[in-house]
Protein chains: 2
Amino acid sequence: MSAIPTATVSRLVTYLRIVSQLEESGAERTSSDDLAREAHVSAFQVRKDLAYFGRFGTRGAGYSVATLKRELMRILGLTRPYNVAIVGMGRLGEALADYPNLEAYDFRLRAAFDVDEGKVGREVAGLTVRHVDELADVVRRLEIDIAFLTVPSTSAQAAADALGAAGVQGILNFAPTVIDPPAGTHVEPVDFLAGLKRLSFYIQQPKVKEETA
Amino acid sequence: MSAIPTATVSRLVTYLRIVSQLEESGAERTSSDDLAREAHVSAFQVRKDLAYFGRFGTRGAGYSVATLKRELMRILGLTRPYNVAIVGMGRLGEALADYPNLEAYDFRLRAAFDVDEGKVGREVAGLTVRHVDELADVVRRLEIDIAFLTVPSTSAQAAADALGAAGVQGILNFAPTVIDPPAGTHVEPVDFLAGLKRLSFYIQQPKVKEETA
DNA sequence: ATATGTGAATTGATTCACAGCG
DNA sequence: CGCTGTGAATCAATTCACATAT
């Protein structure tokens with residue numbers, strides 16, 4: 001009967017960003033029409049998405065920006081802190097370590113790992129890079145909830161398995177490969193190469209419809 | 001009757017990566033079952049996705065790895081080169097400029113832009129960073145097809161509009177905001193913060209089902 | 001009056017079962 | 001006999017229309 005569509009979850013994230021911007025700009029009230037316009041979806045869609053979780057508006061008057069923001073944060077589980085580790089301190093791992101906006105939603109970078117002895121021991125964003133041999137131990141001790149997986153594709157599955165076994169609940173997978181989620185772990189892909197290839201498909205579309213005889 | 005589901009396009013990209021790996025590992029033939037296992041979808045799904053574009057297999061014998069790879073590349077428009085520009089040479093822009101795998105599918109980095117005079121003139125990945133004032137001019141002259149948009153959210157829409165007006169056909173949007181696609185331009189989002197918030201939702205799911213009375 | 005919340009209708013995507021070829 | 005390719009059936013998501021609350 002239930003199970004929230006994944007597309008709905010993605011849109012909720014978008015609505016949250018929009019109400020956050022509205023709040024910054026000083027707006028106090030908004031409507032499904034406003035949100036729909038900003039999120040590039042229909043107003044029906046906005047209301048239906050919200051209806052999965054409750055009733056947050058006032059008929060005739062729309063939504064309170066503050067209330068809707070609070071409720072969206074609650075729905076998305078953003079009312080508590082998450083401890084984060086980065087696995088793979090290449091260029092991308094380093095860039096993520098220095099990313100400033102993480103703390104805005106209480107994502108706390110607590111550990112960084114690599115296999116390369118040349119990288120182990122270095123300081124990145126106030127953290128000492130540790131060897132992946134210590135992963136299970138450190139993840140448990142620091143109660144890491146979420147890992148950013150920025151290792152090469154060839155080691156991504158093994159690293160994910162190790163993280164799952166150590167009790168990590170969520171993995172943001174930056175490696176361009178599909179990972180089999182360890183039991184009890186949710187994996188979200190962040191694959192810019194895939195996005196690039198989708199672009200390629202849509203760009204060439206206009207001039208298609210040729211058959212290979 | 002027509003219109004390819006966007007989910008199908010995403011899966012095609014995955015199938016291509018799988019057959020590329022199969023090719024590297026020396027395999028000559030594969031099947032919808034193989035592909036399904038690797039891509040974490042059903043074999044029906046694989047065959048249906050491919051059926052939108054033609055018949056690429058041999059009944060009873062599966063698919064030739066080489067043929068399927070070639071066909072997937074053709075379907076995805078990856079048989080010709082694309083000229084790429086990066087707009088926004090912050091940390092992420094720089095990391096992308098140095099990303100080694102771009103040339104593998106003939107994506108050619110040809111230009112880099114920033115607004116910051118401190119960055120303009122610097123050398124990155126063999127390119128001189130140009131001021132965005134030159135964007136329209138340079139995009140046209142170098143026949144840029146695709147832009148990586150790595151500017152702050154607040155300037156993302158304006159930059160996208162400038163790129164669209166200059167004739168760019170595709171934009172990979174790394175800014176954490178929804179962009180209104182300029183006419184004739186396709187936008188693909190690559191938003192790791194959104195992925196992180198989705199993770200948060202799925203992590204907290206187990207312990208939910210509380211109502212606000 | 002106005003904009004939400006929601007069952008019903010529609011549209012779209014996935015699954016299935018098997019016909020069709022090698 | 002295998003495994004692909006595909007219409008038909010099922011399932012899910014989106015759209016619609018309107019009753020409902022303020």
Side-chain angles (χ1 to χ4, degrees), chain A residues 1-15 18-19 22 27-72 75 198 201 211-213, chain B residues 1-15 18-19 22 27-72 75 198 201 211-213:
Chain A
M1 193 197 288
S2 52
I4 310 303
T6 61
T8 289
V9 179
S10 292
R11 287 190 297 264
L12 291 173
V13 171
T14 303
Y15 305 152
I18 295 164
V19 292
L22 284 171
E28 293 196 357
R29 300 203 68 77
T30 186
S31 65
S32 56
D33 258 320
D34 282 359
L35 294 166
R37 197 172 314 107
E38 290 296 318
H40 294 104
V41 298
S42 68
F44 312 123
Q45 187 76 79
V46 173
R47 297 202 296 272
K48 180 65 85 181
D49 286 336
L50 294 174
Y52 283 111
F53 302 94
R55 261 162 269 177
F56 310 116
T58 317
R59 294 178 194 225
Y63 303 90
S64 145
V65 167
T67 304
L68 189 54
K69 184 186 176 192
R70 180 162 29 77
E71 291 296 329
L72 283 168
I75 291 165
R198 285 195 297 271
F201 174 83
E211 290 300 274
T212 18
Chain B
M1 195 191 290
S2 54
I4 309 302
T6 60
T8 289
V9 178
S10 292
R11 286 190 297 264
L12 291 173
V13 171
T14 303
Y15 305 152
I18 294 165
V19 293
L22 285 171
E28 293 197 354
R29 302 203 67 78
T30 187
S31 66
S32 56
D33 257 320
D34 282 358
L35 294 167
R37 198 173 314 109
E38 291 294 320
H40 294 103
V41 299
S42 70
F44 312 124
Q45 186 76 80
V46 173
R47 297 204 293 273
K48 179 65 86 183
D49 286 337
L50 295 173
Y52 284 111
F53 301 95
R55 263 161 267 179
F56 310 116
T58 318
R59 292 173 196 230
Y63 303 89
S64 147
V65 167
T67 305
L68 189 54
K69 183 185 176 192
R70 181 162 27 79
E71 292 296 330
L72 283 168
I75 292 166
R198 285 194 297 270
F201 174 82
E211 290 297 276
T212 19

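The basis for the numbers below is simple: all heavy atoms, side chains too, and nothing from hydrogens, waters or symmetry mates. Proteins come first, then strands; the chains are lettered A, B, ... in the order of their sequence lines, and each starts at number 1.
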Roughly how far, to the nearest 0.5 Å, is [atom2] of [Y] from [atom1] of [X]?
{"X": "B:Asp34", "Y": "B:Ile18", "atom1": "CG", "atom2": "CD1", "answer": "9.5 Å"}
{"X": "B:Phe56", "Y": "B:Ser32", "atom1": "CZ", "atom2": "OG", "answer": "14.0 Å"}
{"X": "B:Thr30", "Y": "B:Leu35", "atom1": "OG1", "atom2": "CG", "answer": "4.0 Å"}
{"X": "B:Arg29", "Y": "B:Leu68", "atom1": "CZ", "atom2": "CG", "answer": "10.0 Å"}
{"X": "B:Leu72", "Y": "B:Phe53", "atom1": "CG", "atom2": "CZ", "answer": "9.0 Å"}
{"X": "B:Glu28", "Y": "B:Leu22", "atom1": "CD", "atom2": "CG", "answer": "11.5 Å"}

| request: For B:Tyr15 and B:Asp49, work out which heavy atoms get closest and say how close. | output: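 So the two residues come closest at OH-OD2, 2.7 Å.
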| query | 5'-most contact on DNA chain D: B:Tyr63 or A:Gly60, nearest heavy atom basis? | reply |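 So the residue in question is B:Tyr63.
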| query | Taking for each residue the nucleotide of DNA chain D bearing the nearest heavy atom, is the 5' side occupied by A:Thr8 or by B:Ala51? | reply |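 By nearest-heavy-atom nucleotide position, the 5'-most residue is B:Ala51.
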Proximal nucleotide (of [options]) relative to the [X] side chain:
{"X": "B:Arg59", "options": "D:dT6, D:dT4, C:dT14", "answer": "D:dT4"}
{"X": "A:Pro5", "options": "C:dT6, D:dA13, C:dT4", "answer": "D:dA13"}
{"X": "B:Ala7", "options": "D:dT14, C:dT14, C:dG22", "answer": "C:dT14"}

Show me the side-chain donor-acceptor pairs of residues 57-66 of chain A shorter than 3.5 Å, one per line, residues at least two apart or across chains.
| unit_1 | atom_1 | unit_2 | atom_2 | d |
| --- | --- | --- | --- | --- |
| A:Ser64 | OG | A:Ala66 | N | 3.4 |
| A:Ser64 | OG | A:Thr67 | N | 3.1 |
| A:Ser64 | OG | A:Thr67 | OG1 | 3.0 |

Interatomic distance, [X] [atom1] vs [N] [atom2] [rounded to whole Å]:
{"X": "B:Ile4", "N": "C:dG12", "atom1": "CD1", "atom2": "P", "result": "13 Å"}
{"X": "A:Phe56", "N": "C:dT6", "atom1": "CZ", "atom2": "P", "result": "10 Å"}
{"X": "B:Leu68", "N": "D:dC3", "atom1": "CG", "atom2": "C1'", "result": "14 Å"}

| message | Measuring to OP1 and OP2 of C:dT14, would you say a side-chain N or O of B:Arg11 lies under 4.0 angstrom away? | response |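 So the side-chain polar atoms of B:Arg11 do come within 4.0 Å of the phosphate oxygens OP1 or OP2 of C:dT14, strictly under.
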| Within the pair A:Tyr52 and D:dA12, is there a side-chain N or O less than 4.0 Å away from OP1 or OP2? |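 So the side chain of A:Tyr52 is outside the cut-off, no N or O lying under 4.0 Å from OP1 or OP2 of D:dA12.
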| query | Can you find a pair of side-chain heavy atoms, one from B:Thr6 and one from A:Phe201, that are under 4.5 Å apart? | reply |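 Not touching, per the 4.5 Å side-chain cut-off.
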| said: Taking pairing as Watson-Crick or G-U wobble with both contacts under 3.5 Å, can you name the mate of D:dG2, or confirm there isn't one? | reply: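 When the pairing criteria are applied, nothing turns out to pair with D:dG2, so the answer is none.
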| Quick one, which residues of residues 29-36 of chain B touch DNA chain D with a heavy atom under 4.0 Å? |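 Going residue by residue through residues 29-36 of chain B, the ones with a heavy atom under 4.0 Å of DNA chain D turn out to be B:Ser31, B:Ser32.
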| field | Residues in contact with DNA chain D, drawn from residues 40-50 of chain A - heavy-atom cutoff 4.0 Å | value |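 Hits under 4.0 Å, by residue number: A:Ser42, A:Phe44, A:Gln45, A:Arg47, A:Lys48.
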